[in-house]
Amino acid sequence: MKPEIKALIFDCFGVLTAGTWKAFLDGLPETADITAARDLNRAYDAGMISKEDFLHGVKEATGHEPQQVEELLAVDITKNIPLLDYIRELKRRGYKIGMLSNIATNSIRDTFLTPEEQALFDDMVMSFEVGMVKPDPRLFRLACGRL
């Protein structure tokens with residue numbers, strides 16, 4: 001017997017936020033080395049290469065000048081409106097909705113989500129509030145238990 005899904009938990013950054021980097025990659029021509037650009041981004045995010053190496057590598061892979069890439073990365077985080085609309089629909093259908101995010105401040109509540117958007121979530125687990133970060137399994141159990 002399949003377990004019944006009663007709740008869903010969403011991450012914030014890269015999920016509830018629209019990724020400008022993903023949009024950049026999606027807009028590249030077929031001649032660009034998208035795989036290399038993705039690998040460079042992962043290495044940069046992990047601290048394995050310098051910003052200069054990242055920017056130079058992206059130029060080689062995509063043809064975009066370092067200044068263009070820096071401007072892209074400096075863009076404010078934007079909401080993934082289609083996903084928020086889907087969460088609204090899931091909520092109407094009776095699912096419990098949670099958010100789980102590695103974050104060091106209360107900025108998700110203070111500036112990112114409106115009060116109406118926050119009301120879509122039955123619970124929000126922020127790492128700074130509970131002293132754990134993903135991928136610690138205890139954090140996921142906590143989020144599930146709170147829902």
Between CG on residue L55 and CD on residue E60, distance to nearest 0.5 Å: 12.0 Å

Nearest heavy-atom neighbours spanning L40 and I49: O-CD1, 3.7 Å

Heavy-atom side-chain contact between N106 and F128 under 4.5 Å: yes

Hydrophobic cluster membership, Y86 vs L16, 4.5 Å side-chain cutoff: yes

Atom pair CE/CG of M132 and L142 - distance to nearest 0.5 Å: 5.0 Å

Nearest heavy atoms of E117 and L113, plus distance in Å: OE1-CA, 3.4 Å

Residue pair M99 / I108, side-chain heavy-atom distance below 4.5 Å: yes

Less than 3.5 Å apart, which donor and acceptor atoms pair up between the side chains of residues 8-15 and the rest of the protein, not counting sequence neighbours?
unit_1: D11; atom_1: OD1; unit_2: K134; atom_2: NZ; d: 2.9
unit_1: D11; atom_1: OD2; unit_2: K134; atom_2: NZ; d: 2.9

F121-I5 co-clustered via ILVMFWY side chain contacts under 4.5 Å: yes

Flag if over 12 foreign heavy atoms under 6.0 Å of CD, E89: yes

Rounded distance [0.5 Å steps], CG in L147 versus OH in Y95: 14.0 Å

NZ/K96: more than 12 non-hydrogen atoms of other groups inside 6.0 Å: no

Test item: D122 side-chain N/O and G98 main-chain N/O as donor-acceptor pair under 3.5 Å: no

R92 atom CZ, neighbour heavy-atom count above 12 within 6.0 Å: yes

Side-chain donor-acceptor distances from residues 61-68 under 3.5 Å, at least two apart:
unit_1: T62; atom_1: OG1; unit_2: V58; atom_2: O; d: 2.7
unit_1: T62; atom_1: OG1; unit_2: H64; atom_2: N; d: 3.2
unit_1: T62; atom_1: OG1; unit_2: H64; atom_2: ND1; d: 3.4
unit_1: E65; atom_1: OE1; unit_2: K59; atom_2: NZ; d: 3.4
unit_1: E65; atom_1: OE2; unit_2: K59; atom_2: NZ; d: 3.4
unit_1: Q67; atom_1: NE2; unit_2: E71; atom_2: OE2; d: 3.1
unit_1: Q68; atom_1: OE1; unit_2: E65; atom_2: N; d: 2.7

Minimum heavy-atom distance between E129 and M124, given as atom pair plus value: OE1-O, 4.2 Å

Same apolar cluster (I L V M F W Y, side chains within < 4.5 Å links), I97/L139: no

From CG (L120) to OG1 (T114), nearest 0.5 Å: 8.0 Å

Same apolar cluster (I L V M F W Y, side chains within < 4.5 Å links), F54/F24: yes

Residue list, side-chain contact (heavy atoms from CB on, under 4.5 Å) with E52, at least two apart or on another chain: S50

